[in-house]
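Below: one structure, written as structure tokens.
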Amino acid sequence: MTHTTQLSVNVNKVALVRNTRHLGIPSVLRAAEQCLRAGANGITVHPRPDERHIRPRDVFELAELLQGWPGREYNIEGNPTQNLMGFLRDLAARGQAPTQCTFVPDGEDQFTSDHGWPLADAAARARIAPLIAEARALGVRVSLFMDADAALMPWARELGADRVELYTEPYAAAYADPAQRAEQIARYAHAARAALDAGLGVNAGHDLNRDNLGHFLEQVPGVAEVSIGHAFIADALELGYADTVLAYLRCMGRA
Ligand SMILES: CC(=O)[C@@H](O)[C@H](O)COP(=O)(O)O
Ligand SMILES: NCC(=O)COP(=O)(O)O
């Protein structure tokens with residue numbers, strides 16, 4: 001069976017621009033709707049505790065929007081020891097639980113996500129194990145944001161996660177240098193195979209773009225979903241949302 005990677009558009013950066021005035025534009029909702037209409041498989045948000053971009057109102061309005069798009073996915077990222085679980089509980093209570101949550105081990109004021117869960121650490125595992133169980137009990141698929149470390153994948157499965165999301169910034173940073181690119185992509189392919197062998201789904205994200213996405217998907221097996229935000233929104237400023245969705249689907253061999 002051929003494998004089709006799903007495209008989830010992260011709309012954090014639409015909210016970032018919107019928050020610089022009290023005018024409500026650019027609209028996060030309209031951005032999401034246009035991306036879905038153009039063929040995006042889902043929408044991702046990362047409501048950080050400092051509300052620099054995605055705010056609670058966005059989270060709930062997008063959940064409402066996604067109700068009208070059966071088959072499209074809603075992925076909410078965050079640190080489950082901070083505000084993420086509150087969103088999952090509230091949305092589940094409304095009957096609007098997201099399709100997926102992605103546990104990200106970010107600090108409250110971190111510049112951006114820059115590492116995965118340290119699952120070799122028993123204390124880290126003990127901290128998130130009950131939260132994984134709770135999220136799954138709420139009917140939400142759980143993905144753990146992980147460095148491309150094959151040795152950690154069995155831990156993710158043992159904790160009850162459904163998927164891992166490979167943190168792809170090291171690959172993106174290496175992409176311009178052929179030797180470093182080859183070294184990195186081998187690491188990601190190995191980690192993805194270890195995740196698949198452990199019975200996990202494989203997602204990927206962070207600093208993916210139109211240049212580096214195709215090679216990544218050609219070389220790394222079984223990627224179920226890529227979530228792309230920063231480069232996607234930068235491209236959409238030039239191309240518009242619909243043409244940017246098509247451009248990324250073309251990079252993925254899907255258009
Ligand atoms: C977890 C991850 O890699 C990104 O989805 C994250 O949402 C980026 O956050 P910023 O958009 O705040 O940089
Ligand atoms: N999980 C990655 C994501 O949602 C977007 O990351 P980026 O493309 O903004 O770096």
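Whatever order the structure lists ligands and atoms in, that order sets their numbers, starting from 1. Just the heavy atoms: all of them, side chains too, but no hydrogens, waters or symmetry mates, feed the values below.
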> What protein heavy atom sits nearest atom 4 (C) of ligand 1, and how far off is it?
Replying inline: Glu77 OE1, 3.6 Å
>> Counting only heavy atoms closer than 4.0 Å, does ligand 1 sit against the backbone of Phe145, its side chain, both, or neither?
In response: side chain
> So, does Arg181 use its side chain to make a donor-acceptor pair with the main chain of Tyr175 at under 3.5 Å?
Replying inline: yes
> What pair of heavy atoms forms the shortest contact from Val9 to Cys35, and how long is it?
Replying inline: CG1-SG, 4.1 Å
>> As an exercise, identify every atom of ligand 2 less than 4.0 angstrom from a heavy atom of Ile228.
In response: 8 (O)
>> What protein heavy atom lies closest to atom 1 (C) of ligand 1? Include the residue and the distance to one decimal.
In response: Ser113 OG, 3.2 Å
>> Show me which atoms of ligand 1 lie under 4.0 Å from any heavy atom of His53.
In response: 10 (P), 11 (O), 12 (O)
>> Show, in sequence, the C-alpha distance, side-chain angles and deciding distance for Phe103 and Phe145, and conclude whether the ring pair (Phe, Tyr, Trp, His ring centres under 6.0 Å) test is met.
In response: CA-CA 6 Å; Phe103 283 15; Phe145 195 64; over 10 Å; no
>> Check Glu64 with Arg94, please: is the shortest side-chain N to carboxylate O separation under 4.0 Å?
In response: no
> Looking just at side-chain N and O atoms, do Arg187 and Gln184 make a donor-acceptor pair shorter than 3.5 Å?
Replying inline: yes
> Checking side-chain hydrogen bond (donor to acceptor under 3.5 Å, both in side chains) against Asp162, which of Arg136, Arg141, Gln100 comes through?
Replying inline: Arg136
>> Could you identify the single nearest non-hydrogen protein atom to atom 6 (O) of ligand 2 and state the distance to 0.1 Å?
In response: His206 CA, 3.7 Å
> Hey, quick one: are Ile233 and Leu239 part of the same hydrophobic cluster, counting side-chain heavy atoms closer than 4.5 Å, chains of contacts allowed?
Replying inline: no
> Should you measure from each heavy atom of Thr44, which atoms of ligand 2 turn up under 4.0 Å away?
Replying inline: 4 (O)
> Quick one: which ligand 1 atoms are inside 4.0 Å of a heavy atom on Arg48?
Replying inline: 6 (C), 8 (C), 9 (O), 10 (P), 12 (O)
>> Under a plain distance cut-off of 3.5 Å, with no hydrogens placed, do Thr244 and Asp235 share a side-chain donor-acceptor pair?
In response: no
> Should you measure from each heavy atom of Asn10, which atoms of ligand 1 turn up under 4.0 Å away?
Replying inline: 5 (O), 7 (O)
>> To check you understand the geometry: which heavy-atom pair defines the closest contact between Val142 and Leu144, and what is its length?
In response: CG1-CD2, 4.1 Å
> In terms of residue, atom name and distance, what is the protein heavy atom nearest to atom 10 (O) of ligand 2?
Replying inline: Asp207 N, 2.8 Å
>> Any nitrogen or oxygen of Arg52, side chain or backbone, less than 3.5 Å from one on ligand 1?
In response: no
> Side chains of Asn75 and Thr102: is there a donor and an acceptor less than 3.5 Å apart?
Replying inline: yes
>> Within the supplied structure, the quantity of interest is the number of heavy atoms (other residues, nucleotides, ligands) at a distance under 6.0 Å from Arg52 CZ; does it exceed 12?
In response: yes
> Under 4.0 angstrom from ligand 1, any heavy atom of Lys13?
Replying inline: yes
> Taking atom 1 (N) of ligand 2 as the point of reference, which of Glu165, His230, Lys13 owns the nearest heavy atom?
Replying inline: Glu165
> How far is atom 11 (O) of ligand 1 from its nearest protein heavy atom, and which residue and atom is that?
Replying inline: Asn12 ND2, 2.8 Å
> Using a heavy-atom cut-off of under 4.0 Å, does the side chain or the backbone of His46 touch ligand 2, or both, or neither?
Replying inline: neither
> Can you tell me the protein heavy atom closest to atom 4 (O) of ligand 2 and the distance?
Replying inline: Asn10 ND2, 2.9 Å
> Does a donor on one side chain and an acceptor on the other come within less than 3.5 Å for Thr44 and Asn10?
Replying inline: no
>> My understanding is that we take every heavy atom of each candidate and find the minimum distance to atom 3 (C) of ligand 2. Doing that for Ala204, Ser227, Gly229, Gly205, which one comes out nearest?
In response: Ser227
>> Within ligand 1, which atoms have a heavy atom of His206 less than 4.0 Å away?
In response: 2 (C), 3 (O), 4 (C)
> Which ligand 1 atoms are under 4.0 Å away from a heavy-atom of Thr112?
Replying inline: 8 (C), 9 (O), 10 (P), 13 (O)
